[in-house]
Amino acid sequence: MQNQEGVIADGEKESAVSIPISEFEDWANFADDDIMQQQSSIHVEEAKKIPFVGDKEPLSMLAAEYESGSSILLEKIKVLGEQYAAFRRMRGDGNCFFRSFMFSYLEHILESQDGIEVDRIKGNVEECRKTLQSLGYADFTFEDFFALFLEQLDSVLQGIENSISQDELMIRSRDQSISDYVVMFFRFVTSGEIRKRSEFFEPFILGLTNATVEQFCKSSVEPMGEESDHVHITAVSDALGVPIRVVYLDRSSCDNGCVSVNHHDFVPTPGDHSNATSGSTESVRPFITLLYRPGHYDILYPK
């Protein structure tokens, strides 16, 4: 143990050599689960230092994170810079996908003032409510989450009594009592869609875990803090009818050594519960673009 000047104090030397061997044995027997739990606790505490939704930043700030790291990632960020101008960080608390989706969608409505889109998604939300009811969910388990999302949706349309500005949207998205409720709205929508179409989703779930569809929804979809993957994205995109582009920033490279950035478009097909791949959706450009780095999602802004 060191003092603030980096010098080991005399008294500390003495205690350092007098630690009983049994304590080392106890440490050796420290379970992997305990270590992982401790690391998880540290991760949670670090995450709390970051707001739920960060400020918009230029991509140069993303590149700065990797200056002394992977050259492939730096090259990929340069490629990203050809199409994208900025990104917005999300807190890495396991809810980053849903929070990214939440803010990006509401921000889009605030900027576009697309009343037709608002009416359309409200119809989908009502269908999602009926889905949960048909699956046996009691209204009290999800109704508050649905009501709060619809309230936020109405508030970003200007010209109404309680309309809000961009700054107010940011404040609300950083308010845990609002932000977490909207995340829970998306989690219930996602769970309902997966359960309703269990035969479709089951093979994908079995590829991730040995859990049944019901177990997966209870353990990996509905609880706060559970990370999202392609199953969650497909389900929420289909349920709400909102296309989502996910851009992948990883260390993969082409066989010929070229550097490219892959993306996948999750696009609901009208009249069909399926998502098309990026190669078959030329006519559809998702207005929500998320940046995926292993285990984490942020928002990307096209030029």
Side-chain angles (χ1 to χ4, degrees), residues 33 36-37 40 90 92-102 105 121-150 180-246 248 264-278 280-281 286 288 290 292 294-297:
D33 288 346
M36 291 177 65
Q37 184 175 1
S40 178
M90 298 292 122
D93 59 358
N95 302 303
C96 53
F97 164 69
F98 288 114
R99 225 180 293 274
S100 295
F101 181 76
M102 168 195 75
Y105 185 82
I121 199 172
K122 282 183 176 180
N124 284 51
V125 170
E126 182 57 33
E127 289 302 312
C128 292
R129 178 187 279 110
K130 292 177 181 177
T131 292
L132 291 173
Q133 291 170 336
S134 69
L135 290 168
Y137 286 78
D139 286 3
F140 72 84
T141 62
F142 62 83
E143 191 56 46
D144 286 349
F145 306 131
F146 274 58
L148 189 63
F149 171 72
L150 292 173
D180 281 0
Y181 262 51
V182 177
V183 168
M184 281 304 303
F185 160 75
F186 288 125
R187 287 188 176 278
F188 270 103
V189 165
T190 302
S191 182
E193 185 71 9
I194 293 172
R195 289 171 185 262
K196 181 178 72 173
R197 297 164 53 208
S198 59
E199 290 186 4
F200 172 81
F201 284 104
E202 186 174 28
F204 301 102
I205 292 172
L206 290 176
L208 298 170
T209 175
N210 291 325
T212 65
V213 170
E214 182 176 357
Q215 290 169 339
F216 179 78
C217 289
K218 285 184 177 179
S219 64
S220 301
V221 179
E222 293 177 11
M224 287 290 288
E226 290 296 321
E227 296 183 358
S228 302
D229 55 35
H230 64 283
V231 173
H232 302 69
I233 303 173
T234 299
V236 75
S237 173
D238 282 348
L240 296 177
V242 178
I244 304 168
R245 172 166 292 184
V246 177
Y248 300 95
H264 183 89
D265 287 351
F266 296 83
V267 180
T269 303
D272 181 26
H273 288 298
S274 64
N275 264 280
T277 63
S278 56
S280 60
T281 59
I288 291 178
L290 306 183
Y292 177 78
H296 186 68
Y297 295 88

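Source: prediction; values computed, not measured. Along the sequence shown, residues carry numbers from 1.
- Paired with Ile244 under the rule side-chain contact (heavy atoms from CB on, under 4.5 Å), one option of Val267, Asp265, Thr234, Ile288 passes, and it is Ile288.
- Crowding of Lys218 atom NZ: a count of heavy atoms from other residues, nucleotides or ligands under 6.0 Å not exceeding 12.
- For the pair Arg187 (side chain) and Pro223 (backbone), a donor-acceptor distance under 3.5 Å is present.
- Of all non-hydrogen atoms in Ala211 and Gln215, the two that sit nearest each other are CA-OE1, 3.4 Å.
- Here the CD atom belonging to Glu193 is positioned 10.5 Å from the OG atom belonging to Ser191, to the nearest 0.5 angstrom.
- Distance check: His296 NE2 to Leu290 CG gives 10.5 Å after rounding to the nearest 0.5 Å.
- Using a 4.5 Å cut-off on side-chain heavy atoms (C-beta onward), Arg99 and Asp93 make contact.
- Distance alone, capped at 3.5 Å, places no donor-acceptor pair between the Arg195 side chain and the Thr131 backbone.
- Atoms OG1 and CD, from Thr141 and Gln133 in turn, are 9.5 Å apart once rounded to the nearest 0.5 Å.
- In plain terms, the two heavy atoms of Ile194 and Ala235 that are nearest each other are CG1-CB, 3.6 Å.
- Heavy-atom contacts from other residues, nucleotides or ligands closer than 6.0 Å to OH of Tyr181 number 12 or fewer.
- Ring-plane geometry between Phe149 and Tyr105 is classed as tilted, the angle between the planes lying from 30 to 60 degrees on a 0 to 90 degree scale.
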Task: Stepwise side chain to side chain contact (heavy atoms under 4.5 Å, CB included) test for Arg197 and Asp238 - done: CA-CA 11 Å; Arg197 297 164 53 208; Asp238 282 348; 3.1 Å; yes
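- Atom OG1 of Thr190 is separated from atom CZ of Phe201 by 9.0 Å, given to the nearest 0.5 angstrom.
- Across all non-hydrogen atoms, the minimal contact from Val189 to Val236 is CG1-CG2, 4.4 Å.
- Under the 4.5 Å side-chain criterion, counting only non-hydrogen atoms from C-beta, Leu150 is not in contact with Phe185.
- The two residues Pro243 and Ser237 have their closest heavy-atom pair at CA-OG, 4.1 Å.
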Task: Audit row: Leu208, His230, side chain to side chain contact (heavy atoms under 4.5 Å, CB included) steps and yes/no - done: CA-CA 10 Å; Leu208 298 170; His230 64 283; 4.2 Å; yes
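- Across Ser100 and Met90, no two heavy atoms sit closer than the pair OG-CG, 2.9 Å.
- With values rounded to the nearest 0.5 angstrom, Leu148 atom CG is found 12.5 Å from Met184 atom CE.
- Shown are Phe140, Phe145, Phe146; of these, the ring pair (Phe, Tyr, Trp, His ring centres under 6.0 Å) with Phe142 is made only by Phe146.
- Checking Phe216, Tyr297, Phe101, Phe266 one by one against His232, the ring pair (Phe, Tyr, Trp, His ring centres under 6.0 Å) holds for a single residue, Phe216.
- Here the CZ atom belonging to Phe200 is positioned 10.5 Å from the CD1 atom belonging to Ile205, to the nearest 0.5 angstrom.
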